[in-house]
Amino acid sequence: MTRYRVYDDTKALFHLPDGVIYLDGNSLGALPRGVAERVNRVITTEWGHELIRAWNTAGWYVQPRLLGDRIARLIGAEAGSVMVGDTLSLKVYQALAAALDMNASRKIVLSDTGNFPTDLYMAEGLIETLGRGHQLRLVAPEEIESALSEDVAVLYITEVDYRTGRRHDMAELTAKAHALGIVTVWDLAHSAGALPVALAACGADFAAGCTYKYLNAGPGAPAFLYVGPRHADTARAALSGWMGHAKPFAFELAYAAAGGVERMRVGTPPVLAMAALEASLDIWDRVDIAEVRARSLALGDLLIAEVERRCPSLRLVTPRAHEHRGSQVSFAFDGGYAAMQALIARGVIGDFRAPDIMRFGITPLYIGESEIVRAAEIIEGVIAGEVWRRPEYQVVNAVT
């Protein structure tokens, strides 16, 4: 299979509006051109002509596992260890519930203040539901390693901080956690498709991630769950839906978990959404994630240099060291929300995270050096000209 050259070959595979520099692929990836044709085929040919037969004839039933194997290559996971379906919130819930059962004598879930809030909310809800005396302990991201101890049941963190782009060392933290008898759950929302991940090599226990960011599968695209093969036949499926049953079409009244990661299926898979993911993975199947990472770091360095030279009032909050950052660049600025609205109005689309973070996602499949330099020029115009102070940019939208 011929490999795509990142950006030189891949940019043409995406639909990007004229006049837009899209630096928000860390929140919602751009539309792959193959998605419309693929989804239309599912609607008109598979659903339209095959009707319910398509669960067998078009392979709808096995999609979650087949897509999981394609994602596994991007996250360094073993074949048969990744299941696709549901949302990221549900997948982290499943992973955390299973991890807590594996360490039943311990009561501490250790996370950090840089974790994505939904992960923390799901942990709080699970702890309350279980009613077994668990506690969610939060520390600053840089204090995670020192907070590991023998009273911790689960290390539960996002590899790349959604606000700052700060990256945890998965291999080091997993090794130190395991040495203390701690089970690990990793959120890969800002890792999958952004940088090489090595779940198997690191010995990770569980991981979950979404596909609508760097993997470009569209709004509401399904999430994925990784279960280390050594746990796959024993991990408890807390959300014991019928698709995770050992014999779902026997319609037995009592639940019996399927073998392996199949037990982490819950309900009927979202076939149309998975079709969009299939089309996006057709690109990823031919891309070298190491090349994506190298270009991401170079583009990030360029954006940092250009913005710092032009806009000294913006304070970099993303780590400069390559090994400590993901694939985004974030700046703190008191007028950050309004400044981002002014940038969006001028065709530079990033986003804002409270209280003062302007985020710019680096997505090398469709962003190159020229877009980065032009974006920095527009950022300079908005900041130096104080365009962001205009009243129309102070109006806060529902989605920031």
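Reckoned from all heavy atoms, side chains included, excluding hydrogens, waters and symmetry mates.
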What pairs of residues pass the ring-ring contact (aromatic ring centres under 6.0 Å, His included) test when at least one of them lies in [range], not counting sequence neighbours?
range: residues 285-316; result: none
range: residues 349-371; result: Phe14-Tyr366, Tyr337-Phe352
range: residues 368-400; result: Phe333-Trp388

Is [Y] paired with [X] through a side-chain N to carboxylate O contact shorter than 4.0 Å?
X: Arg137; Y: Asp151; answer: yes
X: Lys176; Y: Asp169; answer: no
X: Glu37; Y: Arg41; answer: yes

Partners passing ring pair (Phe, Tyr, Trp, His ring centres under 6.0 Å) against Tyr121 (at least two apart in sequence or in another chain):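 None.
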Return the set of residues passing side-chain contact (heavy atoms from CB on, under 4.5 Å) with Asn40 (not counting sequence neighbours), or none when no residue passes.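 Listed in chain order: Thr44.
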Who are the side-chain contact (heavy atoms from CB on, under 4.5 Å) partners of Arg286, not counting sequence neighbours?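 Met1, Thr2, Tyr4.
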Identify all side-chain donor-acceptor contacts of residues 17-26 below 3.5 Å with residues at least two apart in sequence or on another chain.
residue : atom : partner : partner atom : Å
Tyr22   : OH   : Leu28   : O            : 2.5
Asn26   : OD1  : Gly361  : N            : 3.4

Given a cutoff of under 4.5 Å between side-chain heavy atoms of I, L, V, M, F, W and Y, with clusters grown through shared members, what are the other residues clustered with Val317?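 Besides Val317, the cluster holds Ile357.
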Apart from Met243 itself, residues in the same hydrophobic cluster as defined by side-chain heavy atoms under 4.5 Å: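 Under the 4.5 Å side-chain rule, Met243 groups with Leu31, Val35, Val39, Val42, Ile43, Trp47, Ile52, Trp55, Trp60, Tyr61, Val62, Leu66, Trp242, Phe249, Phe251, Val271, Leu272.
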With sequence neighbours excluded, residues passing salt bridge (Lys or Arg N to Asp or Glu O under 4.0 Å) with Arg70: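 By the salt bridge (Lys or Arg N to Asp or Glu O under 4.0 Å) rule, Arg70 matches Asp282, Asp285.
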What residues, two or more places apart in sequence or in another chain, satisfy salt bridge (Lys or Arg N to Asp or Glu O under 4.0 Å) together with Asp9?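 Salt bridge (Lys or Arg N to Asp or Glu O under 4.0 Å) check on Asp9 returns Arg5.
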Listing, residues 185-195 side-chain donor-acceptor contacts under 3.5 Å, not counting sequence neighbours, or none:
residue : atom : partner : partner atom : Å
Trp186  : NE1  : Thr174  : OG1          : 3.2
Asp187  : OD1  : Ala189  : N            : 2.8
Ser191  : OG   : Glu159  : OE1          : 2.7

